[in-house]
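Beneath this line is the structure, given in structure tokens, with notes to follow.
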Amino acid sequence: MRKKVLCTVGTRPEAIKMAPVIRALQADPDFDCRVLATAQHRQMLDQVLQVFGIMPDIDLDIMQPGQTLTGLTGRLLIRLEEVLGAEKPDAILAQGDTTTVLATALASFYDRIPFGHVEAGLRTGDIANPFPEEMNRVVASHLTHWHFAPTRFAADKLLAEGYPAANVHVTGNTVIDALHHVAATDPQTGLDLDPSKRLILVTLHRRENFGEPLLRICDALARLVAENPDVQMVLPVHHNPNVRGIVRERFGALDRVILCEPLDYTAFVAAMKASTLILSDSGGVQEEAPALGKPVLVLRETTERPEAVEAGVTKLVGTRSEPIRAAAQELLDDPAAYAAMARCESPYGDGKASARIVETLRRDLL
Ligand code: UD1
Ligand code: UDP
């Protein structure tokens, strides 16, 4: 008998990383794949679902402007209880470390439905950093039946925490599946770029960077652009109002800085491909850019993705202005330093993660 698998997506990165899993389940006659959009993000989620041609079966439309963590979690749990009661799936999947994932894992546990965690085992070891994602991951792991770890390193973290080896599966990261899907379509940025200038691509959105750290990061970026006339910077501005306010105020009038709305995934992949250098506090970008041979300076104090740092293709530069500026300037000035980082090396998988996830579900459910 076909098994019903409910796949939950809430924010942009979850949709990108769940899209290959959803498409694989939809194409498989053994499974009835149902897609639940919590819509913790509205515009940024819809952008991704459109690129991958996914229509949610259920949409909770939960996002509120300036939502709080407690308010969002509470509203999600109440709505999820209704959905799980009506849908009665055989298994539930969610990806990553957002509030949507925490609430989905908890609601699944309360309803005694086995939960599969895609991208399991990422840890910084600091519960407050990234905030609140490290807590979300740690708690979700406690509630998980299938731990789909993207790397051996992540799987080992789970084993060290005592999770049974039979429940921990190394799959690769589904973001590489998504990247292959989009990269094959000859993506275009749709931006008015100056081909004579080197492109620095920037994304910013982490909660722990709001306020002072974000201002320091902006100072470093402004100096970089001012001191390098052959550089243009593209910054697609995340919808979070804590980011929008500061970034618009800081860069609104600067020459050679393109502030734009969040790019759809196809355009963003094109922008990564067109870039010389990426500065980002994003999780997903740390995984994608190395697969495209683009160096990433990670604008954070800590990362749960040490594989790329160890491979030398990303670098943790923190949130203080001068170290950020100096690290970027070195890569712009020193071809040897640049070449050492700009290696096409992907510690995060081979693009077949979703197939491995589906095979595990088939083996255990059918
Ligand atoms: C969320 C996740 C974070 C993830 C990030 C990916 C939590 C707590 N945070 O952070 O882990 O890395 O998404 O981008 O789960 N907004 C819109 N339209 C959108 C999206 C957001 O207007 O399409 C605005 C709304 O005012 C919303 C606010 O941004 O209230 C914050 O959204 P939220 O999902 O709570 O936090 P993010 O910072 O986006
Ligand atoms: N991304 C996108 N458009 C943008 C910026 C980022 O499609 O304008 C993609 C990016 O390729 C990556 C994901 O969004 O796959 C990262 O999302 P985000 O930084 O919001 O969240 P995180 O990965 O930090 O959780």
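We count residues from 1, following the sequence as given. Counting starts at 1 for both ligands and their atoms, in listed order.
- One option in Arg244, Glu14, Gln40 has a heavy atom closer to atom 34 (O) of ligand 1 than any other, and that option is Gln40.
- In Asn136, neither the side chain nor the backbone holds a heavy atom less than 4.0 Å from any atom of ligand 1.
- Polar contact check, Met63 against ligand 1: no nitrogen or oxygen pair lies under 3.5 Å apart.
- Contacts between Pro13 and ligand 1, counted as non-hydrogen atom pairs separated by less than 4.0 Å, involve the side chain only.
- Checking only distances, Arg207 does come within under 3.5 Å of ligand 1, N or O to N or O.
- Looking at Glu133 against ligand 1, only its side chain comes within 4.0 Å, counting heavy atoms.
- At a 3.5 angstrom cut-off on N or O pairs, Thr100 does not count as close to ligand 1.
- Within the 4.0 Å heavy-atom criterion, the part of Pro132 lying near ligand 1 is the side chain and not the backbone.
- Contact annotation for Asn240 and ligand 1: heavy atoms of both the backbone and the side chain come within less than 4.0 Å of the ligand.
- For a threshold of 3.5 Å applied to N or O pairs, the pair formed by Met44 and ligand 1 contains at least one separation below that value.
- Note: an N/O pair closer than 3.5 Å links Gln67 and ligand 1 by distance alone.
- Considering backbone and side-chain atoms together, His41 places an N or O closer than 3.5 Å to an N or O of ligand 1.
- The part of His238 lying near ligand 1 is the side chain, judged by heavy-atom distances below 4.0 Å.
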